[in-house]
Amino acid sequence: AMDRAGPTLRSIIAVNPQALAEAKRADAERKAGKARDPLQGVPIVIKDNIELAGPLPTTAGSLALKDNVTNRDAPVVARLKAAGAIIIAKTNLSEWANIRSTHSMSGWSAIGGLVKNPYALDRTACGSSSGTGAAVAASFAAAGLGTETDGSVTCPSSMNGLVGLKPTIGLVSRTHIVPISHSQDTAGPMARSVRDAAMLFTAMVGSDPADPSTKDADAHRIDYAAGLSKDALKGVRIAVLHPDAPQALTAQFDDQLKLLEAAGATLVEVKAPDTKGMGDAEFQVLMMELKSDMDAYLATTPDTVTTRTLADLIAFTKANAATEMPYFGQEIFEMAQKTGGIDDSAYSDARATSKRLATNAIDTMLREANATILVEPTYGMPWLSDTIYGDQFSGPSASDLPAISGYPHLTVPMGLVKGLPVGLSLIGPKYSEAKLLAAGYAYE
């Protein structure tokens, strides 16, 4: 009711009708001394590209999937349920996780409308996990799940004043999540504190036979909240990257660096290595994987879904342009359809190039500083939502290198700049989530 009235955040697509019954069972178990986990009975929201068993469809924000009732729990959702969490709602998102158009407006979907930022209602909540960011910031739930291909957990977390973790690729199953790219897609926790994010992440990690990338995940199943300590930054060497940024953001970042030093960290300035060609190669990869991965996902949907391929989605969007394309088109869908998918002759080289450049850039900065963590501003400030010109990104973006390399990326709130939330990014090598969370907790 608060989501649709009052500030009209439009962060929620649908409320889970089974949530109250599940909550009553959780309360009864807790009262009987049978609480399974710290998440027992904790209300969680999930992005509506993640499947949830029951009567709700998984829409990715598109009318093409309004009847996509799969009656499947994504394995990451099943893990949260097994830990006792209650999925109370599915959240709005940038339609198709922001992969449909080169002129998209983050947070808008044909199903859910436009998500508003709770800190400034005329500003973007970023995307594509816009609804989860706004809903958790507005205290509609204790925490939530987003998904990221490149920036879709970390940007809305930063711009809604939240902690967000984009995990190492392969720690969290992607099965039964509407895909973009099997090279870069992952779900991640979004919460109001590092401890909350760590508790949620602990329940999410695990191997899934249906997702080969997770074959080693069980070896990394630990209690990520147990190692949190306010002393975790003592003696830690941190590589610091100062990107081009507005003066007010740079000043805020520099103030936060003093806090890291006061907490015992040694800071070493680094410069970003040349990554020319990385972005173009990444875009090629995303186009080719989108075609193959989306076709594979749509083939598993129920017969009520009539769009069975990416080509079908393009035709559906054209046929329903008044509702699906009032503000922006589907240029990226059309570009992806023209590729040969992952069988395209350019695919292997593009993926090798993008991953090599991203991995080498992070590794080089950490090595030159003899550091275990790289720190930089996450993004700039939230821009005005604009139905004519779409997203107006300005300022830095820390998401590309960890997204493409598959390395983990934690963003934590570093206060307000001109009244708007901004984030501090902590990036490390593969499987360094425990160190990043501990450092983020100490900073927090």
Side-chain angles (χ1 to χ4, degrees), residues 2-14 45-50 59-61 89-101 103-141 143-166 187-192 197 327-328 378-387 389-395 397-399 411-423:
M2 288 191 67
D3 187 63
R4 297 304 171 90
T8 58
L9 295 179
R10 300 201 73 86
S11 64
I12 303 297
I13 278 183
V45 291
I46 64 171
K47 188 177 180 181
D48 197 26
N49 60 348
I50 304 171
T59 70
K90 304 195 81 180
T91 56
N92 200 2
L93 65 158
S94 309
E95 185 167 321
W96 296 112
N98 250 357
I99 199 65
R100 199 188 80 189
S101 172
H103 304 289
S104 65
M105 177 171 57
S106 283
W108 182 87
S109 74
I111 291 277
L114 178 63
V115 179
K116 296 179 181 179
N117 189 314
Y119 283 83
L121 298 176
D122 58 348
R123 300 267 164 178
T124 186
C126 202
S128 62
S129 306
S130 321
T132 300
V136 175
S139 296
F140 291 163
L145 289 195
T147 64
E148 174 160 329
T149 306
D150 189 335
S152 286
V153 164
T154 49
C155 185
S157 294
S158 172
M159 293 191 183
N160 289 280
L162 299 179
V163 175
L165 175 63
K166 195 287 294 185
M190 300 168 67
R192 291 189 297 274
Y327 305 123
F328 53 86
T378 307
Y379 275 88
M381 291 88 82
W383 55 88
L384 292 167
S385 294
D386 193 324
T387 59
Y389 295 107
D391 287 338
Q392 304 293 308
F393 280 95
S394 63
S397 169
S399 67
T411 181
V412 291
M414 66 169 183
L416 305 176
V417 172
K418 299 184 178 181
L420 299 170
V422 289

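Count residues from 1 along the sequence.
With rounding to the nearest 0.5 angstrom, the CD atom of Gln392 is 10.5 Å from the OG1 atom of Thr124. Atom OG1 of residue Thr149 and atom CD1 of residue Ile99 lie 7.0 Å apart, to the nearest 0.5 angstrom. Remark: Ile111 CD1 to Ile13 CD1 distance equals 6.5 Å, nearest 0.5 Å. Atom CH2 in Trp383 sits 4.5 Å away from atom CG in Asp391 (nearest 0.5 Å). The CZ atom of Arg123 sits 9.5 Å away from the CG atom of Asn117 when rounded to the nearest 0.5 Å.
Taking each heavy atom of Gly151 and Pro156 in turn, the nearest pair found is O-CD, 3.5 Å. Here the closest heavy-atom approach between residue Ala197 and residue Ala191 is recorded as N-CB, 3.6 Å. The shortest non-hydrogen separation linking Gly146 to Val153 is C-CG2, 3.7 Å. Contact between Arg100 and Glu95 at its shortest, heavy atoms only, is NH1-OE2, 3.1 Å. Heavy-atom minimum distance, Ala137 versus Asn160: CB-O, 3.4 Å. Closest approach of Ile50 to Ile46, counting heavy atoms only: O-CD1, 3.8 Å.
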Note to self: For a side-chain contact (heavy atoms from CB on, under 4.5 Å) check, start with the C-alpha distance between Arg10 and Leu114, then their side-chain angles and the critical distance, and finish with the verdict.
What the structure shows: CA-CA 6 Å; Arg10 300 201 73 86; Leu114 178 63; 5.8 Å; no
Check: Can you check side-chain contact (heavy atoms from CB on, under 4.5 Å) on Glu148 and Thr154, steps first, answer last?
Finding: CA-CA 8 Å; Glu148 174 160 329; Thr154 49; 3.3 Å; yes
Item checked: Residue pair Leu121, Leu9: steps toward the side-chain contact (heavy atoms from CB on, under 4.5 Å) verdict -> CA-CA 8 Å; Leu121 298 176; Leu9 295 179; 3.6 Å; yes
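Looking only at side-chain heavy atoms (C-beta outward), Val45 and Phe140 stay at 4.5 Å or farther from each other. Annotation: side chain of Thr91 is not in contact with side chain of Ser11 (no heavy-atom distance under 4.5 Å). Inter-residue side-chain proximity for Leu93 and Thr147 is flagged as unmet; no heavy-atom pair is nearer than 4.5 Å. Between Trp96 and Ser109, the closest side-chain pair of non-hydrogen atoms is not below 4.5 Å. Residues Asp386 and Met105 form no side-chain contact, since every pair of their non-hydrogen atoms from C-beta on lies 4.5 Å or further apart. Taking 4.5 Å as the limit, every side-chain heavy atom of Pro413 sits out of range of all side-chain heavy atoms of Leu162. At least one side-chain heavy atom of Arg192 sits under 4.5 Å from a side-chain heavy atom of Val136. Here the side chains of Ser106 and Asn98 are in contact, with some heavy-atom distance below 4.5 Å.
Using bins of under 30°, 30° to 60° and over 60° for the plane-to-plane angle, the ring pair Trp108/Phe328 lands in the perpendicular bin.
Counting only distance, with no hydrogens or angles, the side chain of Ser129 and the backbone of Ser152 share a donor-acceptor pair below 3.5 Å. Proximity of a side-chain donor or acceptor of Arg4 to a complementary backbone N or O of Ile12 within less than 3.5 Å is detected. No donor-acceptor pair under 3.5 Å is formed between the side chain of Lys166 and the backbone N or O of Asp150.
Side-chain contact of Ser130 with Asn92: a donor-acceptor pair under 3.5 Å is absent, judged by distance alone. With no hydrogens or angles considered, no side-chain donor-acceptor pair links Thr132 and Lys47 at under 3.5 Å. A donor atom on one side chain and an acceptor atom on the other are found under 3.5 Å apart for Ser399 and Tyr379. With 3.5 Å as the limit, one finds a donor-acceptor pair spanning the side chains of Thr8 and Lys116.
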